[in-house]
There are 2 protein chains.
Amino acid sequence: MKSRRTRQLAAVYDVVAAAHDHPTAEDVCDRVRRQVPRISLGTVYRNLQKLVAQQQLRAVHLADRPTRYDGMLAAHDHFLCERCGSVADLQQTMPSPMDSSRLLESGYEVRAHALTFYGVCPTCRRAEEKPLGRARRTRSEEPATASATRSGRP
Amino acid sequence: MKSRRTRQLAAVYDVVAAAHDHPTAEDVCDRVRRQVPRISLGTVYRNLQKLVAQQQLRAVHLADRPTRYDGMLAAHDHFLCERCGSVADLQQTMPSPMDSSRLLESGYEVRAHALTFYGVCPTCRRAEEKPLGRARRTRSEEPATASATRSGRP
DNA sequence: CTTTCTGCAAACTCTTTGCACTCGT
DNA sequence: ACGAGTGCAAAGAGTTTGCAGAAAG
C-alpha cells in the first residue's frame with residue numbers, strides 16, 4: 001500500500017501549492033490539464049483527498065459552495081466574499097489556544113477548527129460604493145479586480 | 001409576493017425550534033411527517049431555506065456532512081464530534097468584536113462568521129478511555145443524539 | 001378568484017466508485 | 001510482474017426545480 005509518485009499526483013499538488021486563489025477541484029483539474037491533458041476529474045478528487053489526508057494540502061469548506069483547496073498549511077482563517085466568490089486567507093484571526101483550552105476543560109478533544117467570515121471584500125465594496133449618485137469623486141485608484149477568483153459556473 | 005402561513009411551514013419551524021440536536025433536512029422531514037404525513041422533502045428544503053433567509057432559523061454547514069439546522073439564533077459556535085456525529089452548541093467561544101474589527105479596518109464588510117470545532121465529544125472520549133481491549137477506528141457515524149436517520153429512497 | 005405553496009419526480013451539482021487498463025517500482 | 005494509480009462512465013448523496021393541482025388570503 002505504498003504511495004506512488006505519479007505525474008498526476010505531483011501535478012495536483014503543484015497546482016494547489018502554486019495557487020493563491022483557493023481553487024475548487026474543477027479549477028484544479030482545468031489547470032492540471034495544461035500539464036497532464038488526459039487527467040480525469042475523478043483522479044483529481046482522489047489525489048486531492050490523499051494530499052489532504054497526508055496534510056500536504058488543506059480543504060476549505062464553505063457554506064453552499066464547492067470545497068476549495070489550499071496549499072497554505074499554517075493555521076489561518078478565511079474570508080469568503082459573497083459578491084465575487086473570492087476567498088482570502090486571514091492571518092490567524094482567532095487566538096485558538098484560549099478557545100480550545102476551554103473546550104478541553106469541558107472534556108472535548110479538539111482536533112481542528114475552522115473559522116470563516118462571510119461578507120464583502122474590499123474590492124467589491126469599493127466597486128459598490130461608486131455606481132450610485134453623480135460621479136463626484138474623482139478618486140481614480142481602482143486596484144486591479146484581478147483578485148476575484150472565479151467561483152461559480154458560467 | 002406575500003408569505004403564507006401554511007401548516008408545512010409552521011411544522012418545519014416548530015420541529016427545528018424544538019430540536020436540540022441540529023437535525024438535517026431529512027431528519028426534519030421525518031419528524032414533520034408525524035404531524036403532516038404527506039409533506040415532501042422538497043417542501044421541507046424550501047421552507048428551511050425560507051426560514052433561514054428570514055433569520056428565523058440558522059443553517060449549520062459542516063465539513064463533508066449534510067447541512068444541519070438550528071433554532072438557536074443567539075451568536076454561538078459549534079462542535080462536531082467526528083465519532084458520533086453529534087453537534088453541540090458552544091457559548092460564543094470567540095470574542096468576535098475583536099476579530100471583526102480588524103477585518104473592518106482592512107476594508108472588509110463582515111456579515112457573518114462561522115466557527116466550528118472538530119474532534120471528539122466528552123461522551124465518546126469517555127467511552128474510548130475505558131477500553132474493553134479494543135482499538136478505535138477513525139470511522140464512525142452513530143446516532144448517539146439522534147441525527148443520522150437513514151431513509152431508503154428509490 | 002388570485003397567488004403562493006405543495007407533492008412528486010426529474011434534474012442538478014458535487015463527489016465517489018467499479019472496472020479494466022496503465023505505469024511506477 | 002505486481003499492484004497502486006488512472007480514465008471513464010456510471011452511481012451516490014444532498015439539494016433544487018418545473019409543473020399541475022391544492023389551498024391560503
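Letters A, B, ... are given to chains in the order of the sequence lines, protein chains preceding strands, and every chain is numbered from 1. Computation of the quantities below employed the complete heavy-atom set of this structure, encompassing side-chain atoms and omitting hydrogens, waters and symmetry-equivalent molecules.
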Worksheet entry | A:Leu41 CG to C:dT16 P, straight-line distance once rounded to whole Å | 10 Å

Discussion item. Does B:Asn47 reach a base, just sugar-phosphate, or nothing at all? Heavy atoms under 4.0 Å.
Written reply: sugar-phosphate

Item to complete: Measure up the B:His22 and B:His78 rings against each other and bin them: parallel (under 30°), tilted (30 to 60°), perpendicular (over 60°).
Response: perpendicular

Response to the item:
Here the distance between atom C1' of D:dA22 and atom CG of B:Leu9, to the nearest Å, is 16 Å

Worksheet item: Among the nucleotides C:dC14, C:dG7, D:dT15, which one has an atom lying closest to any side-chain atom of B:Thr43?
Response: C:dG7

Item to complete: May I ask you to verify if any side-chain N or O of B:Ser3 is less than 4.0 angstrom from the OP1 or OP2 atom of C:dC5?
Response: yes

Worksheet item: Nearest heavy-atom pair of A:Gly85 and A:Arg68: which atoms, and what distance?
Response: O-NH1, 2.8 Å

Worksheet entry | Distance test, side-chain N/O of B:Arg7 to OP1/OP2 of D:dA23, below 4.0 Å | no

Discussion item. If I take atom CD1 in residue B:Ile39 and atom C1' in nucleotide C:dC5, what distance separates them, rounded to the nearest angstrom?
Written reply: 11 Å

Response to the item:
To the nearest angstrom, the OH-C1' distance between B:Tyr45 and C:dT13 comes to 13 Å

Practice prompt. Name the nucleic acid region contacted by B:Arg5, choosing base, sugar-phosphate or nothing; use a 4.0 angstrom heavy-atom cut-off, strictly under.
Written response: sugar-phosphate

Item to complete: Describe the nucleic acid contact of A:Arg4 in one word from base, sugar-phosphate, nothing, applying a heavy-atom distance below 4.0 Å.
Response: base

Worksheet item: Would A:His76 and A:Asp70 count as a side-chain hydrogen bond (donor to acceptor under 3.5 Å, both in side chains) if you check the C-alpha gap in whole Å, the side-chain angles of each, and the deciding distance to 0.1 Å?
Response: CA-CA 11 Å; A:His76 65 284; A:Asp70 193 344; 2.9 Å; yes

Worksheet item: Of the non-hydrogen atoms in A:Ala25 and A:Leu41, which two are nearest, and what is the gap between them?
Response: O-CD1, 4.0 Å

Discussion item. Tell me if the side-chain of B:Arg46 makes a donor-acceptor pair with the base of C:dG7, cut-off 3.5 Å, by modelled atom types.
Written reply: yes

Practice prompt. Assign each of B:Lys50 and A:Ala25 to its nearest nucleotide of DNA chain C by heavy atoms, then name whichever residue's nucleotide is nearer the 5' end.
Written response: B:Lys50

Worksheet item: A:Thr67 has a side chain; which of D:dG14, C:dT15, C:dC14 sits nearest to it?
Response: C:dT15

Fill in: B:Phe79/A:Tyr108 aromatic ring centres below 6.0 Å
yes

Worksheet entry | For atom CG of B:Asp64 and atom P of C:dT15, their distance in whole Å | 9 Å

Practice prompt. Output yes when at least one side-chain N/O atom of A:Gln49 is less than 4.0 Å from OP1 or OP2 of C:dT15, else no.
Written response: no

Practice prompt. Could you check how far CD of B:Gln54 sits from P of C:dC5, rounded to whole Å?
Written response: 10 Å

Practice prompt. Could you tell me the separation between the CG atom of B:Leu62 and the P atom of C:dC14, rounded to a whole number of Å?
Written response: 19 Å

Fill in: Carboxylate-amine/guanidinium contact B:Glu109 B:Arg111, below 4.0 Å
yes

Worksheet item: Does B:Gln8 make a side-chain N or O approach to OP1 or OP2 of C:dG7 shorter than 4.0 Å?
Response: yes

Worksheet item: A:Lys2 has an atom NZ; how far is it from atom P of C:dG24, in whole Å?
Response: 14 Å

Discussion item. I want to check one thing: is the phosphate of C:dC8, taken as OP1 and OP2, less than 4.0 Å away from some side-chain N or O of B:Arg38?
Written reply: yes

Worksheet item: If you look at every strand shown and take non-hydrogen atoms under 4.0 Å, does A:Thr6 touch a base, only sugar-phosphate, or nothing?
Response: sugar-phosphate

